[in-house]
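I have placed the structure first, in the form of structure tokens, so that the comments after it can refer back to it.
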Protein chains: 2
Amino acid sequence: MKKDKLGAIRLTEQRKVILEELKQLKTHPTADELYFIVKKILPKISIATVYRNLEALSAAGYIIKIKSAGNQKRFDGNMQEHTHIRCIKCNKVRDIEDKIELPEKYKNLKTDFNIIGFNIDLYGICPNCL
Amino acid sequence: MKKDKLGAIRLTEQRKVILEELKQLKTHPTADELYFIVKKILPKISIATVYRNLEALSAAGYIIKIKSAGNQKRFDGNMQEHTHIRCIKCNKVRDIEDKIELPEKYKNLKTDFNIIGFNIDLYGICPNCL
DNA sequence: TACTTATTAATAATAACTACTATTAACTTT
DNA sequence: AAAGTTAATAGTAGTTATTATTAATAAGTA
């Protein structure tokens, strides 16, 4: 089986379309939002395929699963390091171009956890909800 | 109706117990975890009451609803400003005593959102999952 | 006291996933 | 290339965490 360089998944037609559409969007859609978009290209696709493959693609490192508040997972096809801002009213997520870095002094925090990394998200109100 | 100073909610017996138990815990429990704890004191309490009142208490400013990853909401009775670290394996949340501040230079980020604040969470592996 | 409103326990309903199943497609071995 | 093996899919059932509904009760007010 031909494996891709990034992760050990085969890029099926469904996966290719999901990936392409996600990469074109700047809106960080939820799985169901993306389902309706992908459906226009592959009308027979199942919503379970979209959920499953968003997980697979993010596990394989093609896309990013956006953590942070909100009860729906969102996905991001932009692999450049960047920060997100979320609207506290409608939960939409947008990119912040500036890359935020944590000062050196926070590298050695007191905890019995094994620190792997951190996550900074901004929150505010989007133009639409103002 | 006697309103409390903080928010406009009446502190019923159920709410008092939920609040007290949460304040004693350092574990940032989920609603159902807290339900089983509170049940020992009020055996007849309904899980819906716990969910409803965790929302009510956080809306009224008595407790904090922890945002960030993981599919279950978690709650924190510690109103001091502090940072959280989450275990990527078991999703448990612990406090970091140091207060993390965002450098000045990030106060004017380029975005059409109205920035209200930010949220920093660390992630890592807890002693138990190591 | 009688009335009004808030809160509760219990349970039904919902939203967002996630697992299952039969089928098909892709790859591998003969 | 045929047969065998594994992976992926569509469709759908099931699950989990949460939210809404409802009838009963408790608290506050006139």
Side-chain angles (χ1 to χ4, degrees), chain A residues 1-4 6-19 21 28-60 62-63 65-75 86 90-93, chain B residues 1-4 6-19 22 28-60 62-63 65-75 86 90-93:
Chain A
M1 197 199 315
K2 202 167 72 190
K3 305 277 174 73
D4 194 272
L6 272 170
I9 61 164
R10 189 165 62 197
L11 283 183
T12 61
E13 195 55 31
Q14 289 88 336
R15 283 176 182 165
K16 272 185 206 150
V17 174
I18 289 169
L19 190 55
E21 291 307 303
H28 315 82
T30 58
D32 67 306
E33 282 166 4
L34 197 54
Y35 167 66
F36 288 111
I37 290 162
V38 168
K39 226 170 131 74
K40 289 177 191 160
I41 299 160
L42 303 172
K44 299 210 66 180
I45 200 167
S46 161
I47 187 149
T49 300
V50 176
Y51 274 103
R52 184 166 21 77
N53 286 333
L54 284 170
E55 283 302 321
L57 288 167
S58 86
Y62 285 90
I63 64 173
K65 180 160 38 161
I66 301 180
K67 301 172 230 335
S68 107
N71 28 343
Q72 277 185 83
K73 288 174 192 165
R74 288 181 177 273
F75 297 85
R86 182 185 299 263
C90 68
N91 268 321
K92 279 204 186 70
V93 175
Chain B
M1 195 200 315
K2 201 167 72 189
K3 305 278 174 75
D4 192 272
L6 270 172
I9 60 164
R10 188 167 63 198
L11 283 184
T12 62
E13 195 55 29
Q14 290 88 334
R15 284 175 183 166
K16 271 185 206 150
V17 174
I18 289 169
L19 190 55
L22 182 60
H28 315 81
T30 58
D32 67 305
E33 281 167 5
L34 197 53
Y35 166 65
F36 289 110
I37 290 162
V38 168
K39 225 170 133 75
K40 289 177 189 159
I41 299 160
L42 303 173
K44 299 210 65 178
I45 200 167
S46 161
I47 187 149
T49 300
V50 176
Y51 273 102
R52 184 167 20 78
N53 287 333
L54 283 171
E55 283 301 321
L57 288 167
S58 85
Y62 285 91
I63 64 174
K65 180 161 35 160
I66 302 180
K67 300 173 233 332
S68 106
N71 29 341
Q72 275 184 85
K73 287 174 191 165
R74 289 180 176 273
F75 297 86
R86 179 184 299 262
C90 68
N91 268 321
K92 281 204 185 69
V93 175

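A note on names: the letters A, B, ... follow the listed sequences, proteins ahead of strands, and every chain is numbered from 1.
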When you measure from the side chain of [X], which nucleotide among [options] comes out closest?
X	options	answer
A/Ser46	D/dT18, C/dA9, D/dG11	D/dG11
B/Arg10	C/dA9, C/dA26, D/dG28	D/dG28
B/Gln14	C/dA10, D/dA10, C/dT8	C/dT8
B/Lys44	D/dG11, D/dT18, C/dA10	C/dA10

With a 4.0 Å limit, can you tell me whether [X] has a side-chain N or O closer than that to the phosphate oxygens OP1/OP2 of [N]?
X	N	answer
B/Tyr51	D/dT18	yes
A/Lys73	C/dT18	yes
A/Thr49	D/dA10	yes

Is a donor-acceptor pair below 3.5 Å formed from side chain A/Thr12 to base D/dA8, judging by atom type as modelled?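 Side chain to base: no pair present.
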Take atom [atom1] of [X] and atom [atom2] of [N], then tell me their distance rounded to the nearest Å.
X	N	atom1	atom2	value
B/Lys16	C/dT7	NZ	P	13 Å
B/Ile9	D/dG28	CD1	P	14 Å
A/Leu42	D/dG11	CG	P	12 Å
B/Glu33	D/dT18	CD	P	11 Å
A/Ile18	D/dT9	CD1	P	7 Å
B/Leu11	D/dG28	CG	P	11 Å
A/Gln72	D/dT19	CD	P	13 Å
B/Arg52	C/dT11	CZ	C1'	13 Å

State the OH-OG1 distance between A/Tyr35 and A/Thr30, to the nearest 0.5 angstrom.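 The OG1 atom of A/Thr30 is 13.0 Å from OH of A/Tyr35, to the nearest 0.5 Å.
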Quick one: NZ on A/Lys16 to CD1 on A/Ile41, what's the gap to the nearest 0.5 Å?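 These two atoms lie 13.5 Å from each other.
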Scan A/Gln72, A/Lys73, A/Arg74 and name whichever one has a side chain to side chain contact (heavy atoms under 4.5 Å, CB included) with A/Ile66. A/Arg74
Only one of A/Ile18, A/Leu19, A/Asn53 passes side chain to side chain contact (heavy atoms under 4.5 Å, CB included) with A/Tyr62; say which it is.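 Passing option: A/Leu19.
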More 5' along DNA chain C: B/Ile47 or B/Arg15, using each one's nearest nucleotide? B/Arg15
Nearest-nucleotide comparison on DNA chain C, the residue closer to the 5′ end among A/Glu55 and B/Ile45: B/Ile45
Pick base, sugar-phosphate or nothing for B/Asn53, based on heavy-atom distances below 4.0 Å to the nucleic acid.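 Contact class for B/Asn53: sugar-phosphate only.
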For A/Ala31, which contact category applies under a 4.0 Å heavy-atom criterion: base, sugar-phosphate, or nothing? nothing
Less than 4.5 Å apart, any side-chain heavy atom of B/Leu11 and any of B/Leu57?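 Yes - at least one pair of side-chain heavy atoms lies under 4.5 Å apart.
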